[in-house]
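Inspection log for the structure reproduced underneath, given as structure tokens.
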Amino acid sequence: MIQTTLDPKIVIALDFSNSQDALKFVEQIDPALCRLKVGKELFTAAGPHLVEGLIAKGFGVFLDLKFHDIPTTVAKACEAASRLGVWMLNVHASGGSAMMEAAREGVERSGAKPILIAVTVLTSMNQQMLNEIGVTGTLSDQVLSLATLTQKSGLDGVVCSAQEAPILRKAFGEKFCLVTPGIRPADAALDDQSRVVTPSQALALGSSYLVIGRPITKSKNPLETLKKINEEILIA
Ligand code: C5P
């Protein structure tokens, strides 16, 4: 029997280069057990039609396009994304409060109610890279200050590493949405991720939703793997 949750915590990163491969994978899984993340590669290749198709199959879609532009442009992009019916979308917090407030207004104009979150500091960035672009404070201060700006601008949460989650959860409260990649079940390959936590550890650290890609997309039996992770979460 498939074990379902009303609010699936797993967001599968659909990191495929074309719609055919993405759909072939999606046929094997169940929308009651997960959501799907569509990022820049797949969206650029397959477009909004694929997103609408996934939604029509019953999947909640996180449209991970990390908008960062002048406020009017971001507002219109967020409005258009919301009209597609996505479950979640995001912008870069470093676009500033005017841009994030415009994003919020764009979402509201659509009449839909997706979760709108921001990226603070990309986890591919280190302290030296931040200094290079003129940030003089520490990386963790920058994450906290951009997350503060995100909340003040009326957004629902941030993408963060599970390591950052406890501090952000404490600072911004239970309702703030924390979406964390870098998740690996105990028996899974690390791929190119270095600092990873297990699904249940991530939830214990304060994550709201877990972005998991290759451990599921590269699995010989994606549905079994997905069920196993859901079971681990439910009994933890
Ligand atoms: O396959 P894997 O589980 O590593 O996929 C993680 C997904 O989360 C990928 O789509 C990756 O781009 C994304 N991501 C990440 N680390 C971040 C932000 C996003 O791994 N800091």
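Read the numbers this way: they start at 1 and go in the same order the structure lists the ligands and their atoms.
Judged as a ring-ring contact (aromatic ring centres under 6.0 Å, His included), and not counting sequence neighbours, the contacts of Y209 are W87.
In terms of heavy-atom proximity, S82 sits nearest to A112 at O-CB, 3.7 Å.
Contacts classified as salt bridge (Lys or Arg N to Asp or Glu O under 4.0 Å) and involving residues 75-86 (residues at least two apart or in different chains) are given here: E79-R83, E79-R109. Applying the salt bridge (Lys or Arg N to Asp or Glu O under 4.0 Å) rule to pairs touching residues 164-184 yields R184-D191, sequence neighbours excluded.
Listed by chain and residue number, the protein contacts of ligand 1 are A13, D15, K37, T123, P181, R184, Q193, V211, I212, G213, R214, P215 (heavy atom within 4.0 angstrom).
Taking the charged nitrogens against the carboxylate oxygens, D7 and R35 do have a contact shorter than 4.0 Å, which makes a salt bridge. Ionic pairing of K227 and E224 is present here: one or more N-O contacts between side-chain nitrogen and carboxylate oxygen are shorter than 4.0 angstrom.
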